[in-house]
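What you see below is based on every heavy atom in this structure, not just the backbone, and it leaves out hydrogens, waters and symmetry mates.
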Number of protein chains: 2
Amino acid sequence: MSLFLSSYENRLDTKGRISVPASFRSSVASENFSGVVLYRSFTNNCIEGLSMSRMEKLASATDQMGVFDTELDDLSAMLFADARPLQFDVTGRIVIPEDLLLHAGIKDTAVFVGRGNSFQIWNPTAFKEIQNKSLGNLRKLRPNLKIKSDDN
Amino acid sequence: MSLFLSSYENRLDTKGRISVPASFRSSVASENFSGVVLYRSFTNNCIEGLSMSRMEKLASATDQMGVFDTELDDLSAMLFADARPLQFDVTGRIVIPEDLLLHAGIKDTAVFVGRGNSFQIWNPTAFKEIQNKSLGNLRKLRPNLKIKSDDN
DNA sequence: TATAAAACCATAAAATACCATAATTTAATT
DNA sequence: AATTAAATTATGGTATTTTATGGTTTTATA
């Protein structure tokens with residue numbers, strides 16, 4: 001799976017259909033499931049999205065943590081219960097379920113936001129706000145993303 | 001991936017296409033993705049550029065940090081949301097998106113500036129200015145770049 | 001049978017591939 | 001070292017494809 005990068009603003013039609021950006025589609029093109037998995041973000045008013053293969057990796061990651069980890073139980077309960085697998089139609093569109101749209105405050109336009117191994121779907125104005133906040137934080141804190149030297 | 005070195009001034013055509021310097025192209029020639037990734041610098045009025053493989057390393061670095069790391073959230077949010085994967089055409093050109101050009105104040109000419117594992121794209125005059133400032137700082141501060149002995 | 005969901009068809013705009021040429025750099029030859 | 005030849009690189013314009021988006025028809029379902 002290649003990365004989800006960049007941001008794309010697309011429109012929902014009267015039937016709730018919206019084009020998944022072509023670049024995001026090609027990110028999952030090699031997978032068995034021709035579509036994406038969406039769920040309501042735990043932390044933001046937005047929709048989280050990932051590939052089915054990544055969902056499967058999360059499943060096996062939770063396996064590693066043992067059966068009696070209650071915290072993780074809550075997490076996986078939420079995650080897997082809330083997750084919606086949505087298949088692309090012929091032209092690469094999906095219809096996002098009502099409750100997800102509600103959670104993100106999306107009406108007729110949405111922004112697909114790349115996050116590397118995952119992506120998010122936002123109400124355009126809500127996204128601009130949080131993006132400005134993030135930029136502000138960045139300029140103040142200058143966090144450092146370190147890459148081990150042997151990684152190149 | 002070999003290093004991005006030296007500086008090259010190239011012109012944009014009417015459609016916004018610009019040749020990536022041949023030397024930079026050969027720096028990423030061995031990679032799967034035949035192109036580069038660009039994003040607006042957080043700190044300067046210029047465009048940052050790197051290889052896709054470097055982007056992927058950043059992605060896995062953020063993965064290591066766990067799902068609920070908020071500081072890194074800001075960084076990766078900005079970075080991945082803003083990053084544009086741009087594929088070379090047959091002759092080695094890319095088209096730099098409007099908003100990136102605007103951010104860097106680039107009109108019809110741009111300088112590709114090598115930065116080792118990454119590079120930058122500048123408005124030519126803006127670059128000359130900042131370059132002079134950098135040289136001044138260097139002469140005053142004489143910082144020391146240390147190399148571990150086993151690194152060669 | 002009514003209603004929702006999926007499949008199908010159409011199109012304008014944008015992105016990309018294609019072709020051609022000028023300029024520059026590198027290599028070869030005298 | 002100077003000159004010529006070859007190859008590479010940068011640049012310009014056109015044609016084709018892809019993409020996003022809208023609408024209609026068919027199929028499944030309650």
Side-chain angles (χ1 to χ4, degrees), chain A residues 2 4-30 33-36 38 47 49 84-102 106-114 119 121-124 127, chain B residues 2 4-30 32-38 49 52 83-102 106-114 119 121-124:
Chain A
S2 49
F4 298 104
L5 298 177
S6 185
S7 307
Y8 305 88
E9 186 171 318
N10 286 343
R11 295 172 46 74
L12 289 101
D13 66 18
T14 47
K15 300 172 69 180
R17 294 177 302 183
I18 189 169
S19 282
V20 175
S23 126
F24 285 20
R25 264 145 49 199
S26 69
S27 289
V28 302
S30 64
F33 179 71
S34 172
V36 292
L38 302 186
I47 303 168
R84 308 286 220 301
L86 300 173
Q87 207 155 8
F88 302 140
D89 73 9
V90 205
T91 62
R93 286 178 291 195
I94 56 174
V95 359
I96 304 174
E98 267 302 327
D99 56 331
L100 299 195
L101 292 177
L102 204 71
I106 293 169
K107 216 197 126 217
D108 59 356
T109 311
V111 196
F112 288 79
V113 182
F119 63 92
I121 308 176
W122 284 82
N123 169 302
F127 177 61
Chain B
S2 49
F4 299 105
L5 298 176
S6 183
S7 305
Y8 305 88
E9 186 171 319
N10 285 343
R11 294 173 45 73
L12 288 101
D13 66 19
T14 46
K15 299 175 67 182
R17 293 177 301 186
I18 189 170
S19 282
V20 175
S23 127
F24 284 22
R25 265 148 45 201
S26 69
S27 290
V28 302
S30 64
N32 289 321
F33 179 72
S34 173
V36 292
V37 180
L38 303 186
M52 183 60 88
R84 306 291 216 300
L86 300 174
Q87 207 155 8
F88 302 140
D89 71 10
V90 206
T91 62
R93 285 177 294 192
I94 56 175
V95 359
I96 304 176
E98 268 302 327
D99 56 330
L100 299 196
L101 293 177
L102 203 73
I106 294 170
K107 216 196 126 218
D108 58 357
T109 311
V111 197
F112 288 79
V113 182
F119 63 92
I121 308 176
W122 284 84
N123 170 304

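Here the closest heavy-atom approach between residue B:Val37 and residue B:Ala83 is recorded as CG1-CB, 3.7 Å. The minimum heavy-atom distance between A:Phe127 and A:Val111, with the atom names listed, is CD2-CG1, 4.4 Å.
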Between protein and nucleotides 20-27 of chain D, map the contacts as a letter string: B base, S sugar-phosphate only, - none, heavy atoms under 4.0 Å, written 5' to 3'. SBBBB---
Checking side-chain contact (heavy atoms from CB on, under 4.5 Å) for the pair B:Ile121/B:Phe112: CA distance, chi angles, key distance, verdict? CA-CA 5 Å; B:Ile121 308 176; B:Phe112 288 79; 3.6 Å; yes
Apply the test side-chain contact (heavy atoms from CB on, under 4.5 Å) to residues B:Leu101 and B:Leu12: give CA-CA distance (whole Å), side-chain angles for both, the deciding distance (0.1 Å), then the verdict. CA-CA 11 Å; B:Leu101 293 177; B:Leu12 288 101; 4.0 Å; yes
Yes or no on side-chain contact (heavy atoms from CB on, under 4.5 Å) for A:Val20 and A:Leu86, after CA distance, side-chain angles and deciding distance? CA-CA 11 Å; A:Val20 175; A:Leu86 300 173; over 6 Å; no
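Atom CG of B:Asp89 is separated from atom C1' of D:dT16 by 15 Å (rounded to the nearest Å). Between B:Phe88 atom CZ and D:dT9 atom C1' there is a gap of 14 Å when expressed in whole angstrom units. Straight-line distance from the CD1 atom of A:Ile94 to the P atom of D:dT19: 16 Å, rounded to whole Å.
Put simply, CZ on B:Phe33 and CZ on B:Phe88 are 8.0 Å apart, with the number rounded to the nearest 0.5 Å.
With B:Arg84 contributing its side chain and B:Ile96 its backbone, the two residues share no donor-acceptor pair below 3.5 Å.
Less than 6.0 angstrom separates the ring centroid of A:Phe24 from the ring centroid of A:Phe4.
Between its two ends, the helix from C:dT1-D:dA30 to C:dT30-D:dA1 turns its axis by 40°, counting five pairs per end and rounding to 10 degrees.
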